[in-house]
Amino acid sequence: MAEPTTAPATESRVVYNVTEIMKFLPHRYPFQLVDRIVELDAPKRIVGLKNVTTNEEFFQGHFPGAPVMPGVLVLEAMAQVGGIMLYQELPEGERGKKLIYISGIGNAKFRRPVVPGDQLRIEVELIHRRTNCGKMSGRALVDGKLVAEAVEMFVIADRPAAQ
């Protein structure tokens, strides 16, 4: 009889949990796409996790009977992980006054679908940064296999005044 196989162990190290992530990111449910930060070597590199569950709202229509996480949301998850690294580098008093926007995406490639039950491991490295703009390289993996990659440009801007 063959030995039973087990799923790979999930990341046990936690740099920031979901509650701590909410102190950095302005995103909230259903658009917060990062559950945990497991590595941080600021300002150069960060690794985050996104647990993809069947309860995600986008699965209702993408696609009924064959749920797949939209690729643009995988890219958004990469941007949010990178954003955490950028926000945590800002002085604490400035974090709530700034928003980080994606200003461009290059070389995006999607290698395989992301489905309910997957855990995305999102690895982001800073390529270069000026005061309020820069470029990051991101990769998303599931079970050690590359599912998506892209270069994302960003700008850091003042948060618009409340209306």
Side-chain angles (χ1 to χ4, degrees), residues 7-53 56 58 69-159:
T10 60
E11 301 271 357
S12 59
R13 182 170 175 224
V14 178
V15 175
Y16 295 128
N17 64 32
V18 71
T19 305
E20 294 163 325
I21 288 168
M22 291 173 71
K23 294 175 185 172
F24 295 109
L25 286 183
H27 305 79
R28 295 295 179 262
Y29 176 84
F31 217 70
Q32 183 176 335
L33 299 174
V34 185
D35 296 318
R36 187 181 312 163
I37 298 299
V38 295
E39 293 178 31
L40 178 61
D41 182 17
K44 298 182 286 190
R45 184 172 187 276
I46 187 169
V47 177
L49 302 178
K50 164 64 177 152
N51 297 310
V52 182
T53 70
E56 309 282 355
F58 49 80
M69 184 174 183
V72 295
L73 293 183
V74 175
L75 296 180
E76 174 65 25
M78 282 184 209
Q80 288 183 22
V81 169
I84 292 165
M85 182 169 63
L86 296 170
Y87 274 117
Q88 69 86 36
E89 288 284 299
L90 291 173
E92 197 167 332
E94 290 293 305
R95 291 178 191 156
K97 298 176 184 176
K98 302 289 184 183
L99 288 176
I100 301 171
Y101 296 103
I102 297 172
S103 60
I105 297 173
N107 301 322
K109 293 185 175 47
F110 302 95
R111 308 289 184 186
R112 59 186 73 223
V114 177
V115 299
D118 284 347
Q119 182 181 65
L120 280 177
R121 177 183 167 91
I122 302 159
E123 302 172 353
V124 177
E125 292 185 16
L126 185 66
I127 297 171
H128 76 272
R129 177 177 175 188
R130 293 193 175 139
T131 304
N132 290 321
C133 64
K135 187 184 289 189
M136 295 185 274
S137 174
R139 300 173 357 129
L141 302 102
V142 172
D143 295 329
K145 295 179 181 147
L146 186 64
V147 297
E149 60 189 323
V151 173
E152 296 181 324
M153 286 65 76
F154 65 88
V155 295
I156 302 172
D158 291 333
R159 183 183 287 263

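Any value given below was found using the heavy atoms of this structure, including those in side chains, with hydrogens, waters and symmetry copies removed.
For F110, there are no ring pair (Phe, Tyr, Trp, His ring centres under 6.0 Å) partners two or more places apart in sequence or in a different chain. For Y87, there are no ring pair (Phe, Tyr, Trp, His ring centres under 6.0 Å) partners, not counting sequence neighbours. Shown here are the salt bridge (charged side-chain N to carboxylate O under 4.0 Å, His left out) partners of E76, two or more places apart in sequence or in another chain: there are none. Looking at residues two or more places apart in sequence or on another chain, you find a salt bridge (charged side-chain N to carboxylate O under 4.0 Å, His left out) between R139 and E123. R45 pairs by the side-chain hydrogen bond (donor to acceptor under 3.5 Å, both in side chains) definition with E39, not counting sequence neighbours. With sequence neighbours excluded, no residue forms a salt bridge (charged side-chain N to carboxylate O under 4.0 Å, His left out) with K23.
When all heavy atoms of L141 and L146 are compared, the pair lying nearest together is CD2-N, 4.0 Å. Taking every heavy atom of both residues into account, A150 and I105 meet most closely at CB-CG2, 4.2 Å. Of all non-hydrogen atoms in P26 and R159, the two that sit nearest each other are CB-NH2, 3.5 Å. Shortest non-hydrogen contact noted between P43 and L126 is O-CD2, 3.2 Å. Closest approach of M153 and G106 over heavy atoms only: CE-N, 4.2 Å. Across all their heavy atoms, V74 and A140 have their closest contact at CG1-CB, 3.8 Å.
To the nearest 0.5 Å, atoms NE2 (H27) and CD (Q80) are separated by 4.0 Å. Separation of atoms CD (Q119) and NZ (K50) is listed at 10.5 Å; rounding is to 0.5 Å. Put simply, CG on L75 and CG on L33 are 11.0 Å apart, with the number rounded to the nearest 0.5 Å. To the nearest 0.5 angstrom, M22 atom CE is 15.5 Å from Y16 atom OH. Interatomic distance, I84 CD1 to I37 CD1, rounded to the nearest 0.5 Å: 3.5 Å. The structure places CD of E94 at 8.0 Å from CG of D158, a figure rounded to the nearest 0.5 Å.
Heavy-atom neighbours of R130 CZ from other residues, nucleotides or ligands within 6.0 Å: at or below the threshold of 12.
For the pair Q32/V18, a side-chain contact is recorded, criterion being any heavy-atom separation below 4.5 Å from C-beta on. Within the 4.5 Å cutoff, the side chain of F31 has no heavy atoms near those of the L25 side chain. Residues R121 and V47 have side chains in contact (heavy-atom distance under 4.5 Å, counting atoms from C-beta outward). Between H128 and K135 there is a side-chain heavy-atom pair separated by less than 4.5 Å. At least one side-chain heavy atom of M136 sits under 4.5 Å from a side-chain heavy atom of L86.
E20 places a side-chain N or O within 3.5 Å of a backbone atom of N17 that can act as its donor or acceptor partner.
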Pair L49-I122, side chain to side chain contact (heavy atoms under 4.5 Å, CB included): steps then yes or no: CA-CA 6 Å; L49 302 178; I122 302 159; over 6 Å; no
Evaluate side chain to side chain contact (heavy atoms under 4.5 Å, CB included) for Q88 paired with L40, printing each intermediate quantity in order. CA-CA 10 Å; Q88 69 86 36; L40 178 61; 4.0 Å; yes
Would you sort out whether M78 and E152 count as a side chain to side chain contact (heavy atoms under 4.5 Å, CB included), showing the intermediate values? CA-CA 9 Å; M78 282 184 209; E152 296 181 324; 3.7 Å; yes
Verdict with supporting geometry, R112 and V142, side chain to side chain contact (heavy atoms under 4.5 Å, CB included): CA-CA 9 Å; R112 59 186 73 223; V142 172; 5.9 Å; no
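The existence of a salt bridge linking R129 and E89 is excluded, since no basic side-chain nitrogen approaches an acidic carboxylate oxygen closer than 4.0 Å.
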